[in-house]
Asks: 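Can you keep this structure in mind? I'll have questions shortly.
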Protein chains: 2
Amino acid sequence: MRNKQKQIQLRDVQDVIDIIGGRWRGAILASLCDKEKRFNELKRDLGNITPRTLTKELKYLELNKLINREVETRSTLSVVYSLTKHGRSLEPLIDSIVSWGQRHRKIVLG
Amino acid sequence: MRNKQKQIQLRDVQDVIDIIGGRWRGAILASLCDKEKRFNELKRDLGNITPRTLTKELKYLELNKLINREVETRSTLSVVYSLTKHGRSLEPLIDSIVSWGQRHRKIVLG
DNA sequence: TTTAGCAGTATCCTAAAGGATAGTGGTATT
DNA sequence: AATACCACTATCCTTTAGGATACTGCTAAA
């Protein structure tokens with residue numbers, strides 16, 4: 001019973017790890033916390049991400065309802081990515097992760 | 001400035017992701033939350049982890065001061081792994097991750 | 001009309017994580 | 001004396017993430 005409970009929790013932890021883990025997803029979410037951005041704007045912001053990877057990661061985040069993808073078909077093509085409400089709900093979690101990470105850094109290095 | 005700050009935070013997030021991320025580390029920590037365990041006990045607990053991987057992950061967690069490795073040389077060899085104080089400090093963080101993960105599951109599936 | 005920017009796609013390649021399987025040196029059990 | 005459990009180590013192999021590079025179809029500016 002206790003074990004079953006633990007299994008379920010592990011699944012949830014795994015979900016969250018998948019979302020903010022990896023080389024880029026956390027960075028993309030952080031960048032969009034700042035403000036909504038277009039594809040190439042994100043690309044520049046993230047430095048050396050390849051378009052292939054950026055496309056893939058954005059699709060993943062969209063599937064997980066963390067970001068919106070809005071195509072504005074004015075004369076020229078423009079695609080805007082922004083956090084959903086659900087995506088913004090990650091911010092406090094990321095904050096606590098950051099504070100634990102900072103304590104951790106001190107303990108491991110100091 | 002705001003950007004520099006963000007970079008630092010990303011580094012911290014990355015640290016934490018490394019620690020509880022991956023296929024096994026979260027599971028190992030969760031299993032040790034329950035109680036201290038020996039190598040083969042952990043192995044059985046985790047199901048289908050290979051000894052090669054378990055050894056590697058335990059070393060990583062030990063290096064990061066999250067678990068203790070104690071060798072008891074009675075007549076027969078026995079090695080006990082347990083959470084350090086620092087390791088136990090992860091529990092509340094894991095709890096908030098779990099609750100966000102549960103809300104997330106509902107939103108994505110429902 | 002060439003050039004540049006937009007939002008990607010397509011193809012190839014490398015490095016790292018981690019599974020499969022077998023073996024090691026020790027002790028305790030039958 | 002043979003078998004089994006302990007805590008691993010060694011070797012090989014597959015899968016996956018993600019980088020490098022080139023290209024596409026479109027529009028706007030020079």
Side-chain angles (χ1 to χ4, degrees), chain A residues 10-11 13-32 35-64 66-83, chain B residues 10-11 13-32 35-64 66-83:
Chain A
L10 278 179
R11 194 183 57 180
V13 171
Q14 207 52 56
D15 279 3
V16 181
I17 294 304
D18 286 349
I19 285 166
I20 54 180
R23 174 89 183 75
W24 293 111
R25 302 214 252 266
I28 292 170
L29 290 170
S31 175
L32 290 177
K35 60 176 171 58
E36 58 173 38
K37 283 179 184 134
R38 282 176 297 156
F39 187 88
N40 281 323
E41 209 170 349
L42 273 169
K43 189 155 144 17
R44 278 188 296 270
D45 212 38
L46 296 169
N48 43 6
I49 193 171
T50 61
R52 174 186 173 281
T53 302
L54 183 53
T55 305
K56 214 177 29 143
E57 300 300 37
L58 287 171
K59 271 179 189 155
Y60 174 89
L61 292 173
E62 198 192 350
L63 253 174
N64 278 274
L66 292 159
I67 64 174
N68 292 125
R69 178 180 183 276
E70 285 160 280
V71 183
E72 288 168 25
T73 319
R74 299 188 285 257
S75 57
T76 170
L77 173 64
S78 155
V79 181
V80 178
Y81 294 93
S82 59
L83 291 185
Chain B
L10 278 178
R11 194 184 58 179
V13 170
Q14 207 51 56
D15 280 3
V16 181
I17 294 304
D18 286 350
I19 285 166
I20 54 180
R23 176 88 183 74
W24 292 113
R25 301 215 252 265
I28 292 169
L29 291 170
S31 174
L32 290 177
K35 59 177 172 57
E36 58 173 37
K37 285 183 182 131
R38 281 176 298 154
F39 188 87
N40 280 323
E41 210 170 347
L42 272 169
K43 193 158 141 16
R44 277 187 296 270
D45 212 38
L46 296 169
N48 43 5
I49 193 173
T50 62
R52 175 188 174 281
T53 302
L54 183 52
T55 305
K56 217 177 25 139
E57 300 299 37
L58 287 171
K59 270 179 189 154
Y60 175 89
L61 292 172
E62 199 192 351
L63 252 174
N64 279 275
L66 292 159
I67 63 174
N68 292 125
R69 178 181 182 276
E70 284 161 279
V71 182
E72 290 169 23
T73 319
R74 299 187 287 256
S75 57
T76 170
L77 174 64
S78 156
V79 181
V80 177
Y81 294 94
S82 59
L83 292 185

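Order of the sequence lines fixes the chain letters, A, B, ..., with proteins taken first and strands second; residue numbering starts at 1 for each chain.
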Asks: Could you tell me how far apart A:I49 (CD1) and D:dA20 (P) are, to the nearest whole angstrom?
Replies: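 A:I49 atom CD1 is separated from D:dA20 atom P by 12 Å.
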Asks: With sequence neighbours excluded, tell me which residues meet side chain to side chain contact (heavy atoms under 4.5 Å, CB included) with A:R23.
Replies: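 Side chain to side chain contact (heavy atoms under 4.5 Å, CB included) check on A:R23 returns A:N48.
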Asks: Between A:R69 (side chain only) and A:E62 (backbone N and O only), is there a donor and an acceptor less than 3.5 Å apart?
Replies: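 Flag not set: sc A:R69 to bb A:E62 has no pair under 3.5 Å.
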Asks: Considering just the side-chain nitrogens and oxygens of B:T53, establish if one lies under 4.0 Å of OP1 or OP2 belonging to C:dG19.
Replies: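 True: B:T53 side-chain N/O within range (under 4.0 Å) of C:dG19 OP1/OP2.
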Asks: Kindly compute the distance separating CG (A:D18) from CG (A:N64), expressed to the nearest 0.5 Å.
Replies: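 The CG atom of A:N64 is 8.5 Å from CG of A:D18, to the nearest 0.5 Å.
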Asks: Calculate the interatomic distance between B:L42 atom CG and D:dC5 atom C1'; express it in whole Å.
Replies: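 Result: 16 Å.
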Asks: Does B:D45 reach the main-chain N or O of B:E41 with its side chain, forming a donor-acceptor pair under 3.5 Å?
Replies: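 No, because the side chain of B:D45 does not come within donor-acceptor range (under 3.5 Å) of the backbone of B:E41.
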Asks: Tell me whether the side-chain N/O atoms of A:Y81 come closer than 4.0 Å to OP1 or OP2 in C:dG8.
Replies: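 The answer is yes; a side-chain N or O of A:Y81 sits under 4.0 Å from OP1 or OP2.
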Asks: Nearest to the side chain of B:S75, which nucleotide is it out of C:dA28, D:dT21, D:dA28?
Replies: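 Shortest atom-to-atom distance from the side chain points to C:dA28.
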Asks: Between C1' on C:dC6 and CG on A:N40, what's the gap in Å once rounded to a whole number?
Replies: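 So the two atoms are 6 Å apart, to the nearest Å.
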Asks: Between the side chain of A:K37 and the main-chain N/O of A:S82, is any donor-acceptor distance below 3.5 Å?
Replies: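 Pair absent, no side-chain N/O of A:K37 close to backbone of A:S82.
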Asks: Can you check whether A:P51's main-chain N or O pairs, donor with acceptor, with A:T55's side chain at less than 3.5 Å?
Replies: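 A pair under 3.5 Å: yes.
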Asks: Hey, does B:T55 reach any base, or is it just sugar-phosphate, or nothing, if we go heavy atoms under 4.0 Å?
Replies: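 It contacts base atoms.
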Asks: If only side-chain N and O atoms of A:R25 are considered, is one of them under 4.0 Å from the OP1 or OP2 phosphate oxygen of D:dG18?
Replies: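 Answer is no, no contact under 4.0 Å.
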Asks: Return the value, rounded to whole Å, for the distance between atom CD of A:E72 and atom P of C:dG8.
Replies: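 Going from A:E72 (CD) to C:dG8 (P), I get 12 Å.
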Asks: Roughly how many Å is it from NZ in A:K43 to P in D:dT21, rounded to a whole number?
Replies: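 Roughly 12 Å, once rounded to whole Å.
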Asks: When you check the phosphate oxygens OP1 and OP2 of C:dG19, does a side-chain N or O of B:W24 lie under 4.0 Å from one of them?
Replies: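 B:W24 to C:dG19 OP1/OP2: side-chain N or O found under 4.0 Å.
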Asks: To the nearest Å, how far apart are B:L58 CG and C:dA17 P?
Replies: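 That distance rounds to 16 Å.
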Asks: What is the distance, to the nearest angstrom, from the CD atom on A:E36 to the P atom on C:dA7?
Replies: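 One finds 12 Å between P of C:dA7 and CD of A:E36, rounded.
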Asks: When the distance from CZ of A:F39 to C1' of D:dT27 is rounded to whole Å, what number comes out?
Replies: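 Going from CZ in A:F39 over to C1' in D:dT27 covers 18 Å.
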Asks: Considering heavy-atom distances to DNA chain D, does B:L77 or A:N48 have its closest nucleotide positioned more toward the 5' end?
Replies: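 Nearer the 5' end of the strand: B:L77.
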Asks: Return the polar atom pairs (N/O with N/O) between nucleotides 10-17 of chain D and the protein under 3.5 Å, or none.
Replies:
{"unit_1": "D:dT11", "atom_1": "O4", "unit_2": "B:R52", "atom_2": "NE", "d": "3.3"}

Asks: Does the Lys NZ or Arg CZ of A:R38 fall within the cation-pi geometry relative to A:Y81 - under 6.0 Å from the ring centre and within 45° of the axis?
Replies: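 So A:R38 doesn't make the cation-pi contact.
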Asks: Is the distance from OP1 or OP2 of D:dC5 to the nearest side-chain N or O of B:R44 less than 4.0 Å?
Replies: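 Indeed not, no polar side-chain atom of B:R44 lies that close.
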Asks: Picking from D:dC8, D:dT27, C:dC6, which would you name as closest to the side chain of A:R38?
Replies: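 The listed nucleotide nearest to A:R38's side chain is C:dC6.
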